Amino acid sequence: VPLQPPPGHAFCLEPATAKEMLTSDSCLRVQLRCMCMREWLVEDVLCFLHHSEEELKRQGPSLLNTLCTNSYLDIEKTASWFQMLVKNAWELMPQSHHCQLTVLPTARSCKIRLTNGQETLSVQMIFGVPLDDDDGGGN
């Protein structure tokens with residue numbers, strides 16, 4: 001499952017050696033980005049960088065408050081949040097009346113089992129973050 005940062009946030013892979021760079025132990029720092037232009041044009045969010053914490057509380061929690069630990073994306077918080085999202089979404093699906101969804105315990109991914117009485121389907125979703133092309137030579 002590719003994770004994209006929400007507006008006003010950016011994922012930054014912590015510097016590491018080439019060998020360590022793409023391991024599951026890599027650290028993703030979450031940085032806030034200026035949203036003033038969107039705030040002025042679209043008027044749907046407040047800029048995280050240029051408003052007080054008190055003002056920002058009115059628009060709901062930011063990614064830093066929800067899925068991060070010390071400004072780093074926390075895979076266990078992310079997995080727990082995603083598992084809850086899957087459970088809640090499944091309840092709204094018409095198929096939920098015919099199949100049972102079970103979210104299996106795991107801390108770093110999302111494992112689900114769908115059962116319709118006779119057949120069982122197991123799925124594991126692993127999170128990934130697309131790396132930006134910082135050298136400007138991308139597509």
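The model shown is predicted, which means the values in this text are computed figures rather than measured ones.
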Determine all donor-acceptor pairs shorter than 3.5 Å in which one atom belongs to a side chain in residues 72-79; sequence neighbours excluded.
| from | atom 1 | to | atom 2 | distance (Å) |
| --- | --- | --- | --- | --- |
| Y72 | OH | E14 | OE1 | 3.4 |
| D74 | OD1 | E76 | N | 2.9 |
| D74 | OD1 | K77 | N | 3.1 |
| D74 | OD2 | T69 | OG1 | 2.7 |
| K77 | NZ | C68 | O | 2.9 |
| K77 | NZ | T69 | OG1 | 3.3 |
| T78 | OG1 | D74 | O | 2.8 |

> Is V103 reachable from V1 through a run of I, L, V, M, F, W or Y residues, each pair having side-chain heavy atoms under 4.5 Å apart?
Replying inline: yes

> Partners of Q100 by side chain to side chain donor-acceptor pair (under 3.5 Å), sequence neighbours excluded?
Replying inline: none

>> Please determine whether the number of non-hydrogen atoms from other residues, nucleotides or ligands lying under 6.0 Å from atom CG of N70 exceeds 12.
In response: no

Can you list, pair by pair, the side-chain donor-acceptor contacts under 3.5 Å of residues 114-122, counting residues two or more places apart and other chains?
| from | atom 1 | to | atom 2 | distance (Å) |
| --- | --- | --- | --- | --- |
| N116 | OD1 | Q118 | N | 3.1 |
| N116 | OD1 | E119 | N | 2.9 |

> Could you go step by step and tell me if S96 and E91 meet the side-chain contact (heavy atoms from CB on, under 4.5 Å) rule?
Replying inline: CA-CA 6 Å; S96 67; E91 292 174 7; 5.6 Å; no

> How would you list, by chain and number, every residue that makes a side-chain contact (heavy atoms from CB on, under 4.5 Å) with K111, sequence neighbours excluded?
Replying inline: L104, T106, S109, Q124

> Only one of I126, L85, V86, V123 forms a side-chain contact (heavy atoms from CB on, under 4.5 Å) with C110, so which one is it?
Replying inline: V86

>> Using the side chain to side chain donor-acceptor pair (under 3.5 Å) criterion, which residues pair with R113? Sequence neighbours excluded.
In response: none

> Which pairs pass ring pair (Phe, Tyr, Trp, His ring centres under 6.0 Å) with one or both residues in residues 76-108, sequence neighbours excluded?
Replying inline: F82-F127

